[in-house]
Amino acid sequence: MDLTFRSDAYIDGQWRSGAQRFAVYNPANQQVIAHAPDLGAAEAEEAVATAHKAFPAWAGKAAKERAQILRRWFELMTADLDRLGRLISLEGGKPFAEAKGEAAYGAAFVEWFGEEAKRAYGRAIPATTPTRRYVTIKQPVGVAAAITPWNFPMAMITRKAAPALAAGCTFVVKPPSQTPLTALALAELAEQAGVPPGVFNVVTTRNHTGDVGRVLCESPLVRKFSFTGSTEVGKTLGALCVGSTVKKVSLELGGNAPLMVFADADLDLAVKGAVASKFRNAGQTCVCANRILVEDAIYDAFSQKLTEAVAELKVGPGDRDGVEIGPLIDEKAIEKVERMVAEALASGATALTGGKKHPAGAQFYTPTVLANVTRDMRVNTEEIFGPVAPLIRFKSEDEAVAIANDTPFGLAAYFFTGDVNRAWRVAERIEAGMVSINDGVFSNEVIPFGGVKESGLGREGGVEGLEEYLETKFLNFGGFA
Ligand code: SIN
């Protein structure tokens, strides 16, 4: 079956070409899939202006009507999961089954927030004098803009666009240059679902000058900005947004998730959880376990079981049956992983399996387990974003928590234990926005996803996700006799 997709940008309900176009590559073989418009500041301004123009009518619809349109969008996505999965896999490299899983995950945000649109409740507050009445109402912030990452070409857009549209905001997204085609497929389905022109806009760009991003951060017409990506870039964008026009900002940034295995854990469950967490999307998620902390008493048994499981992971292009680990996104990504592993090996770590590139192609890395990792190594202190599991030994719960918290990041954390008291104790002491106990995967549309410390601001998904696109307005009714 041929894979059909759009490759023009989408602004004000129109498919827009551009004088310049950039190539989109298949990371499995570096072949060109398509060319997308390389738009700049002028088109970004136009998209923002169009979203601004569309805002009053969209915000003015009953929440129920917006919910019905979102429901249609969700149903079209659900009917199209195969194509969306193939597209995500083609431009992002994910194995098809995982990519189709992302398409379902992405669609679920549209379903969830369509339902939540109807529950944007205010409050009645008991007044401080009998002559007044106090209430709050919730109103959409205005035009919302987003910059999204390549590791979830669909879900990181819908996790922002769905609450924005549900709240009554209009939306402009700049998708990553590596994976713009999935974003454009979402626009195609939005158009079919009856999302009015100007409400959902996609501005594609190669991003070599950052012009589009600057407009989205600095335009006075944009009232909300949301970014998923690195902490370094997030700090710059956040500063631009606040420094220019004091926008409401959500930042979902880098992580350095610890996964702790205590001696009282079910080891098979811990191995399963560690593989699921570490090797999801070839290690390229912000919530992947970055480093695995193992209690001394079970270190040997755990590392042996983990090594056996990792050595069996099937590596290859995303469209091949049974593949579990696809390519890394680009040359820079593979070079970074190679460098970090080489440094760890040179400093005394040992590769229990892997430790090198994979023969499947230039951007494939062999799933790796590193033993004898120490706290000063970069594989412990920095986000690896690749299929490499560094093992660090600990002797006590206090030491495990100290190592886990010894990072400026605080997105996700995982631990495995059979002791319910320890489960509560450690969960409360860990500095992270999300803690998963005895489970390596937790993401879905109903939970508040987000971090503490330098991992970001705000929450996406859950009831909290809608709040990010709403303002609370206080009303004072005075003059009661
Ligand atoms: C991310 O890597 O930014 C998102 C991961 C997820 O949604 O589980």
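Whatever order the structure lists them in is the order used to number ligands and atoms, beginning at 1. Numbering of residues begins at 1 and proceeds along the displayed sequence.
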Asks: Within the 3.5 Å criterion, strictly below it, is a donor on Ser89 or Lys100 matched to an acceptor on the partner's side chain?
Replies: no
Asks: Do we see a donor-acceptor contact under 3.5 Å between the side chains of Asn380 and Arg375?
Replies: no
Asks: Tell me the protein heavy atom at minimum distance from atom 8 (O) of ligand 1, and give that distance in Å.
Replies: Ser443 OG, 2.5 Å
Asks: Identify, for atom 7 (O) of ligand 1, the protein heavy atom at the shortest distance, and state residue, atom and that distance.
Replies: Tyr105 OH, 2.6 Å
Asks: Of all the atoms in ligand 1, which lie at a distance below 4.0 Å from a heavy atom belonging to Val287?
Replies: 5 (C), 8 (O)
Asks: Which protein heavy atom lies closest to atom 5 (C) of ligand 1, and at what distance to 0.1 Å?
Replies: Phe152 CE1, 3.6 Å
Asks: Yes or no: does Phe442 have any heavy atom under 4.0 Å from an atom of ligand 1?
Replies: no
Asks: Heavy-atom distances under 4.0 Å are what count here, so tell me which part of Arg280 touches ligand 1: side chain, backbone, both or neither.
Replies: side chain
Asks: What do you reckon, are the aromatic ring centroids of Phe200 and Trp73 less than 6.0 Å apart?
Replies: yes
Asks: What atoms in ligand 1 come closer than 4.0 Å to a heavy atom of Asn151?
Replies: 1 (C), 2 (O)
Asks: With a 4.5 Å heavy-atom cut-off, do Thr148 and Lys174 have their side chains touching?
Replies: no
Asks: Assess, by modelled atom type and distance only, whether the side chains of Thr472 and Lys138 contain a donor and an acceptor separated by less than 3.5 Å.
Replies: yes
Asks: Does Thr285, backbone or side chain, put an N or O under 3.5 Å from an N or O of ligand 1?
Replies: no
Asks: Could you identify the single nearest non-hydrogen protein atom to atom 2 (O) of ligand 1 and state the distance to 0.1 Å?
Replies: Cys286 N, 2.7 Å
Asks: Phe449 ring centre to Arg459 NZ or CZ under 6.0 Å, with the angle to the axis within 45°?
Replies: no
Asks: Considering both backbone and side-chain atoms of Thr228, is one of its nitrogen or oxygen atoms within less than 3.5 Å of a nitrogen or oxygen in ligand 1?
Replies: no
Asks: Which ligand 1 atoms does Arg159 reach within 4.0 Å, using its non-hydrogen atoms?
Replies: 4 (C), 7 (O)
Asks: Please confirm whether Gln284 comes under 4.0 Å of ligand 1, counting heavy atoms of the residue only.
Replies: no
Asks: Decide whether Glu91 and Thr182 meet the rule of one side-chain donor and one side-chain acceptor closer than 3.5 Å.
Replies: yes
Asks: Less than 4.0 angstrom from a charged side-chain N to a carboxylate O is my criterion; do Glu343 and Arg339 meet it?
Replies: no
